[in-house]
Amino acid sequence: VQLQASGGGLVQAGGSLRLSCTASGRIFGFDYMGWYRQTPGKERELVATIYGGGSTNYADSVNGRFTISRDFGKATMYLQMNNLKPEDMAIYYCRAVKRRADIWGQGTQVTVSS
């Protein structure tokens with residue numbers, strides 16, 4: 001399975017974007033899938049995860065503004081980002097993990113102008 005992230009772009013502060021992470025195969029069976037982000041000079045940080053059973057987890061900095069979801073039929077995971085802030089600007093990566101598989105997608109750039 002390969003992951004393809006998309007949906008990044010330029011948005012004004014307070015605006016919204018929806019990122020998509022589409023898999024080349026089915027995503028049912030992954031223990032969890034998640035979104036991470038990275039800015040120059042900093043380590044990649046966890047933004048949000050969705051577990052096999054459907055439970056979700058968010059970084060404190062995005063809780064209440066971002067929503068992670070998935071569509072098994074479309075083999076796609078989403079990250080709805082609302083009320084974007086300049087500090088959300090980063091390259092966003094998606095990831096899918098199950099036993100003997102840890103798959104990363106390429107990044108998609110999110111730029112937030114103040």
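All residue numbers in this chain count up from 1 along the given sequence. What's counted below: heavy atoms across the whole structure, side chains too, no hydrogens, waters or symmetry copies.
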*Asks:* Side chain to side chain donor-acceptor pair (under 3.5 Å): which pairs involve residues 102-114, sequence neighbours left out?
*Replies:*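 Sorted pair list: Arg95-Asp102.
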*Asks:* When hydrophobic residues are tied together by side-chain contacts of less than 4.5 Å, even through go-betweens, does Ile103 share a cluster with Phe72?
*Replies:*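 Looking at the clustering, Phe72 is in the same group as Ile103.
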*Asks:* Tyr78 and Trp35: which non-hydrogen atoms are nearest, and at how many Å?
*Replies:*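 Closest approach of Tyr78 to Trp35, heavy atoms only: O-NE1, 3.3 Å.
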*Asks:* Is there a side-chain contact between Leu79 and Arg37 (heavy atoms, below 4.5 Å)?
*Replies:*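 No; the side chains remain at least 4.5 Å from each other.
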*Asks:* Looking only at non-hydrogen atoms, find the nearest pair between Val112 and Met89 and report the distance.
*Replies:*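 Distance-wise, the nearest heavy atoms are N-SD, 3.6 Å.
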*Asks:* Which atom pairs, one a donor and one an acceptor, fall under 3.5 Å between side chains of residues 10-19 and the rest of the protein, sequence neighbours left out?
*Replies:*
| unit_1 | atom_1 | unit_2 | atom_2 | d |
| --- | --- | --- | --- | --- |
| Ser16 | OG | Asn82 | OD1 | 2.9 |

*Asks:* Are Tyr36 and Ile27 connected, step by step, through hydrophobic side chains (Ile, Leu, Val, Met, Phe, Trp, Tyr) whose heavy atoms are closer than 4.5 Å?
*Replies:*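 Looking at the clustering, Ile27 is in a separate group from Tyr36.
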*Asks:* Would a 4.5 Å heavy-atom cut-off, applied to side chains only, mark Val97 and Met33 as touching?
*Replies:*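 Not in contact.
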*Asks:* Where is the tightest heavy-atom contact between Ile50 and Met77, given as atom of each residue plus distance?
*Replies:*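 For Ile50 versus Met77, the nearest heavy atoms are CG2-SD, 4.2 Å.
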*Asks:* Can Arg44 be said to sit on top of Tyr93's aromatic six-ring, NZ or CZ under 6.0 Å from centre and within 45° of the ring axis?
*Replies:*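 Yes, Arg44 lies over the aromatic ring of Tyr93.
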*Asks:* Can you list everything that forms a side chain to side chain donor-acceptor pair (under 3.5 Å) with Glu87? Sequence neighbours excluded, please.
*Replies:*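 Expected list: none.
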*Asks:* Okay, side chain of Tyr58, backbone of Arg65: is any donor-acceptor separation there less than 3.5 Å?
*Replies:*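 Checking the backbone N and O of Arg65 against the side chain of Tyr58, no donor-acceptor pair under 3.5 Å is found.
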*Asks:* Angle between ring planes, Tyr32 versus Tyr51, binned at 30° and 60°: parallel, tilted or perpendicular?
*Replies:*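 Judged by the thresholds at 30° and 60°, the geometry between Tyr32 and Tyr51 is tilted.
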*Asks:* Does a donor on one side chain and an acceptor on the other come within less than 3.5 Å for Thr76 and Thr22?
*Replies:*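 There is such a pair (donor and acceptor under 3.5 Å, judged by atom type) between the side chains of Thr76 and Thr22.
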